[in-house]
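See below for the structure under consideration.
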Number of protein chains: 2
Amino acid sequence: MTSANTTPTVTESAPAVRADIVEAATRVFSEHGYDGASMAQIAAEVGMRKPSLYHHVRKKEDLLFAIHGQLIDELTLETRQAIDAAADPAAQLAASLRVAMTFVSRNRDAVTVFLQENRAVRGERWDEVVGKRDAYERMVQEILSNGAATGAFVNIPPKIASKAILAMANWGYTWFNPDGPMSADEVADIFARIALTGLSKP
Amino acid sequence: MTSANTTPTVTESAPAVRADIVEAATRVFSEHGYDGASMAQIAAEVGMRKPSLYHHVRKKEDLLFAIHGQLIDELTLETRQAIDAAADPAAQLAASLRVAMTFVSRNRDAVTVFLQENRAVRGERWDEVVGKRDAYERMVQEILSNGAATGAFVNIPPKIASKAILAMANWGYTWFNPDGPMSADEVADIFARIALTGLSKP
DNA sequence: CCTACCGATCGGTAGG
DNA sequence: CCTACCGATCGGTAGG
């Protein structure tokens with residue numbers, strides 16, 4: 001309605017609209033669940049009607065797919081960098097927990113969808129996402145097996161120990177409050193201390 | 001349609017039918033999610049049509065309520081007994097993890113519903129269930145604060161440490177396989193070892 | 001416990 | 001001819 005944009009860009013704001021829709025879907029899926037959310041609600045969040053949404057998205061499932069894909073890519077990248085920057089397995093474990101907890105803190109809705117709405121995550125197109133999830137878990141397992149190899153860690157099956165580590169961070173989506181008394185880093189450091197030296201007094 | 005039942009019982013098999021319905025609902029909710037599950041599916045699982053289900057259940061939500069209530073009551077009772085039978089905080093922590101992991105193993109569907117379908121858990125009638133969930137968590141917190149008081153445990157905020165402990169057991173519903181290579185008790189003992197003495201070599 | 005339905009709302013698509 | 005939408009309605013299914 002304002003003066004026309006005379007720049008020669010072709011697709012103008014199309015990609016931004018798509019990103020807005022995925023963000024809206026993240027909020028709506030997080031609040032109502034994938035099945036409980038309606039395309040009309042998501043459309044309303046970005047200021048359009050439902051049929052207009054279908055000009056940007058082919059199916060409801062496409063939105064869930066986008067949320068999962070973005071999350072695992074970002075989390076994997078940040079975790080990879082943190083691990084590579086850390087000196088030894090203990091520091092790598094602590095760094096991974098810091099990344100995971102701050103990620104949960106910054107992206108609560110997306111993490112909620114990622115961890116809670118995976119019933120629809122089936123079929124061919126989802127294989128890639130599932131593969132990336134497995135690869136993320138393997139990064140943590142490798143920290144543990146490296147630690148055992150260098151003698152820094154005790155000999156505990158990495159596959160089971162990684163479940164304990166990831167559980168601490170993942171479970172945060174059910175209770176962690178970014179506006180609460182402790183920061184994500186502070187919580188992560190406590191979890192790292194529990195994982196590394198335990199609760200028993202030496 | 002067969003010969004009439006002449007026994008003078010009034011409600012006949014009503015309680016058993018009700019239990020069958022709740023069990024069927026547990027399976028169907030676990031597989032499809034609360035919103036994704038239909039009353040017709042649950043009815044079919046117990047061999048009736050949807051309208052007949054409403055002779056035993058007033059609302060879909062009643063089934064979710066029954067599942068949550070049963071689970072938290074049973075888990076609380078078993079955990080209370082295990083804690084009371086253990087000699088010291090370290091043994092109590094290990095015993096709690098054993099109860100939690102075996103519970104997850106024995107009641108995978110119910111635990112999945114309990115942990116994943118709590119969006120509908122709101123409003124007056126749910127206050128009792130939420131209160132019982134809090135009470136369960138407080139049992140674990142007390143083990144940790146008792147351990148800190150007696151000098152057995154290091155000084156870590158019990159509210160945060162309890163999140164780490166409960167996370168390990170709760171997260172099991174996403175991966176633990178009762179038919180897998182390790183038993184629930186074996187996994188619980190590894191988790192207890194991580195929680196008590198950590199992964200780092202002394 | 002059944003068949004026959006209801007008001008509403010679902011995901012998705014028609015023509016314009 | 002394009003884009004970005006609209007009002008209306010599609011076939012099915014939800015809880016009741």
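Protein atom CD1 of B:Ile42 is 14 Å distant from nucleotide atom C1' of D:dG16, rounded to whole Å. Across the protein-nucleic acid pair, B:His56 atom NE2 and D:dG16 atom P stand 16 Å apart, rounded to whole Å. A:Arg49 has its CZ atom 16 Å from the P atom of D:dT9, to the nearest Å. If you take NE2 of B:His32 and C1' of C:dC10, they are 18 Å apart, rounded to a whole angstrom. The CZ atom of A:Arg18 sits 14 Å away from the P atom of D:dA4 (whole-angstrom rounding). If you measure from atom CD1 of A:Ile21 to atom P of D:dA4, you get 11 Å, rounded to the nearest angstrom. In this entry the distance linking CE of B:Met39 with P of C:dC6 reads 21 Å, nearest Å.
Side-chain atoms of B:Arg108 come within 3.5 Å of backbone N or O of B:Phe176 as a donor-acceptor pair. No donor-acceptor distance shorter than 3.5 angstrom exists from the side chain of B:Ser105 to the backbone of B:Met101, with no hydrogens or angles considered.
Only the P atoms considered, C:dG12 is 22 Å distant from D:dA8, to the nearest whole Å. Separation of the P atoms belonging to C:dA4 and D:dG16 is 22 Å when rounded to the nearest angstrom.
In A:Lys132, the NZ atom is crowded: over 12 heavy atoms of neighbouring residues, nucleotides or ligands sit closer than 6.0 Å.
Along DNA chain C, the nucleotide closest to A:Pro51 and the one closest to A:Gln41 are compared, and the more 5′ of them pairs with A:Gln41. Nearer the 5' end of DNA chain C, as judged by each residue's closest nucleotide, is the contact made by B:Gly47, out of B:Gly47 and A:Glu61.
Among C:dC10, C:dC1, C:dT13, the nucleotide with an atom closest to any side-chain atom of B:His55 is C:dC1. Between C:dT3, C:dG12, C:dT13, one nucleotide has an atom nearer to the side chain of A:Lys60 than all others, and that is C:dG12. For A:Met48, counting side-chain heavy atoms from C-beta on, the closest listed nucleotide (D:dC5, C:dT13, D:dG15) is D:dC5.
Ionic pairing of B:Glu78 and B:Arg106 is present here: one or more N-O contacts between side-chain nitrogen and carboxylate oxygen are shorter than 4.0 angstrom.
Close to D:dA4, at under 4.0 Å from its OP1 or OP2, lies no side-chain N or O of A:Ser52. Phosphate proximity of C:dT13 to A:Tyr54: absent, as no side-chain N or O sits under 4.0 Å from OP1 or OP2. Between C:dG12 and A:Arg58, no contact under 4.0 Å exists linking OP1 or OP2 to a side-chain N or O.
Within 3.5 Å, a donor on the side chain of A:Lys50 pairs with an acceptor on the base of C:dG11, or the reverse.
Taking the ring centre of B:Phe65 as origin, the terminal cationic atom of B:Arg125 falls inside the region bounded by 6.0 Å and 45° from the ring axis.
When heavy atoms are screened at a 4.0 angstrom cut-off, A:Ala43 is found touching no nucleic acid atom at all.
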